[in-house]
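What follows is one structure encoded as structure tokens, with my remarks underneath.
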2 protein chains.
Amino acid sequence: MNSTIETILNHRSIRKFKKEKLSTEQIQLLVKSAQQASTSSHVMAYTIIGITDEKIKKALYEVSGHRHVVDNGHLFIFCGDLHRVQLRATESEKNSMAETIESTEQFIVTIIDAALASQNLAIAAESLGLGICYLGSLRNNINAFSSILNLPDHAIPLFGIAVGYPDQQPELKPRLPMEAVYHENTYKADELQIPLLQTFDEEMKAYYKNRSTNKREDTWKQQMIKKYNNSTRMDVSAFVQSKNLNKR
Amino acid sequence: MNSTIETILNHRSIRKFKKEKLSTEQIQLLVKSAQQASTSSHVMAYTIIGITDEKIKKALYEVSGHRHVVDNGHLFIFCGDLHRVQLRATESEKNSMAETIESTEQFIVTIIDAALASQNLAIAAESLGLGICYLGSLRNNINAFSSILNLPDHAIPLFGIAVGYPDQQPELKPRLPMEAVYHENTYKADELQIPLLQTFDEEMKAYYKNRSTNKREDTWKQQMIKKYNNSTRMDVSAFVQSKNLNKR
């Protein structure tokens, strides 16, 4: 154990921040940390957009519905970006690059690159005593999310991270038993996973019953069944293809 | 600056490891670190497979072509996994969950969840003095990659991470200028990005010319044009859909 691993294991999402803004130095240190993440073939297939304009924050809040989109120390938006790799190419080169850029493989690359960078930023922020919350809710209306930021072809917005000085201290949320998530040599058979999930549901039931706020009767199983019975964000597929990604 | 950010900023991929294996305690601490990453709606949509069986390592090496798939302190494979969320559902519930699970939106979720967990593992490993290398090359034959690990429907292999005690100390590889990657409030216009990429190419040219091994004449622009003119991994799309993901 060391202070880095302590920071990692101490992660909880923070949804209420003090009014204090991040300094320019802090923002730059966080972005620099993001940039040092591993990247597929040196592509660096992401763009980070920092939001300071209150009008833009408000427009993003209308998409997400979460107050911490507006009320935070700084808001970072992570975008998958395969536009940049073409910027210095000739028109003819751009045309011949399109088939690969528009593949599902490169769609995977751009999401992974953005996510690795974002998690570096998250850990760096938490190591400075800041709190963070990922905002996938900005995909509730991915067309609006993208329009607000004026993204070009071959670039899509993925999620935000709200960062700031924590004004709450929620309990750590349980994770699946390690044996459910970590398999050895081959994918674990269903009948070996199911008892682990049953045990986890007992733990989650106790967690929801006993936590300090928003107590309820719930289990992981019930949450998953409810979540996936509710078809949401079915417009993401068409949006992504309209940006000429994930096409083949 | 603190030791966590120092670790993050000191990242370089390590492709040559000493023979020493990771201990069970180290592996568990790394997996625990991975598990504490943020996850969309508590789905934890990933599975990590640790490879110790030499036959499996050899089969994966044949897919990747990189020796550090075999020669490492431990090999972790990260999979996107939307199979687990259905394990305790009835057949009828499973059927009604399928439309959402098979959406592009949930394909994005599973990739992000896996990537955030993996980056926690990478940073935790580096904080312990270990080196890491991401292995996207395992997608060179994603059908074989998946078959070797026996992945079920709604689960796909994404990448590996080789971890171990470093037996080399490569130079830090330059990253794009911060102003190219970090935009403010809106996506930066092409004409503002292009001069930054020109400057970066001068930096990359000097880096490739002067580094201690594998010197060459190259720039980022040339690499990107070459890479995207070479259509590779075009089978990923059909494979993902054969696993009933990214379908709608």
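Just so we're on the same page: letters track the sequence lines, and every chain starts at 1. Computed from a predicted structure; not experimentally measured.
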Heavy-atom pairs under 4.5 Å with chain A, option from [options] with the top count:
options: B:Asn246, B:Asn10, B:Ile27; value: B:Asn246
options: B:Val236, B:Val181, B:Ile51; value: B:Val181
options: B:Gln28, B:Lys32, B:Gln106; value: B:Gln106
options: B:Leu116, B:Val85, B:Ile112; value: B:Leu116
options: B:Glu93, B:Glu184, B:Met178; value: B:Met178
options: B:Asp235, B:Ile56, B:Asp113, B:Ile148; value: B:Ile56

For the pair [X] (side chain) and [Y] (backbone), establish whether a donor and an acceptor sit closer than 3.5 Å, ignoring hydrogens and angles.
X: A:Thr110; Y: A:Phe107; result: no
X: B:Lys173; Y: A:His42; result: no
X: A:Asn229; Y: A:Ile225; result: yes
X: B:Asp81; Y: B:Thr47; result: no
X: A:His183; Y: A:Lys188; result: yes
X: B:Asn150; Y: A:Tyr187; result: no

Is chain B contacted by the side chain of [X], its backbone, both, or neither, given a heavy-atom distance below 4.5 Å?
X: A:Gln198; answer: both
X: A:Ser137; answer: neither
X: A:Asn2; answer: side chain
X: A:Leu158; answer: side chain
X: A:Arg175; answer: both
X: A:Pro177; answer: backbone
X: A:Leu29; answer: side chain
X: A:Leu75; answer: neither
X: A:Leu82; answer: side chain

TODO: On the 0 to 90° scale, with breaks at 30° and 60°, tag the B:Phe76-B:Phe78 ring pair as parallel, tilted or perpendicular.
DONE: tilted
Open item on the list: Classify the ring geometry of B:Trp220 against B:Phe200: parallel below 30°, tilted from 30° to 60°, perpendicular beyond 60°.
Closed with: perpendicular
- [ ] Answer whether the closest heavy-atom distance between the side chains of B:Thr39 and B:Val109 falls below 4.5 Å.
- [x] no
Open item on the list: What I'd like to find out is whether the side chain of A:Ile101 reaches to under 4.5 Å of the side chain of A:Lys94, using heavy atoms alone.
Closed with: no
Please identify, among [options], the residue contributing the most non-hydrogen atom pairs under 4.5 Å to chain B.
options: A:Cys79, A:Ala115, A:Gly80; value: A:Ala115
options: A:Ala114, A:Ala117, A:Ala34, A:Ser237; value: A:Ser237
options: A:Ser40, A:Ser3, A:Cys133, A:Gly136; value: A:Ser3
options: A:Met44, A:Arg84, A:Gln241; value: A:Arg84
options: A:Ser13, A:Ala238, A:Ala37; value: A:Ala37
options: A:Ile49, A:Asn185, A:Thr186; value: A:Asn185

Task: side chain to side chain donor-acceptor pair (under 3.5 Å) partners of A:Asn140, counting only residues at least two apart - done: A:Arg233
Task: Interchain contact, B:Ile142 with chain A, by part (heavy-atom threshold 4.5 Å) - done: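 Contact with chain A involves no heavy atom of B:Ile142 at all.
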Task: Atom group of B:Lys221 that falls short of 4.5 Å from chain A, counting heavy atoms - done: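 Side chain only.
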- [ ] Show your working on side chain to side chain donor-acceptor pair (under 3.5 Å) between A:Tyr208 and A:Gln223 and close with a plain yes or no.
- [x] CA-CA 12 Å; A:Tyr208 284 120; A:Gln223 281 193 308; 3.0 Å; yes
- [ ] Start with the C-alpha gap between B:Tyr134 and B:Ser118, add the side-chain angles, then the distance that decides, and say whether side chain to side chain donor-acceptor pair (under 3.5 Å) holds.
- [x] CA-CA 9 Å; B:Tyr134 274 83; B:Ser118 76; 2.9 Å; yes
Open item on the list: For B:Thr4, run the side-chain contact (heavy atoms from CB on, under 4.5 Å) check against A:Ile8, A:Ile123, A:Ile5, A:Leu128 and tell me which one passes.
Closed with: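 Of all the options given, the one that passes is A:Ile123.
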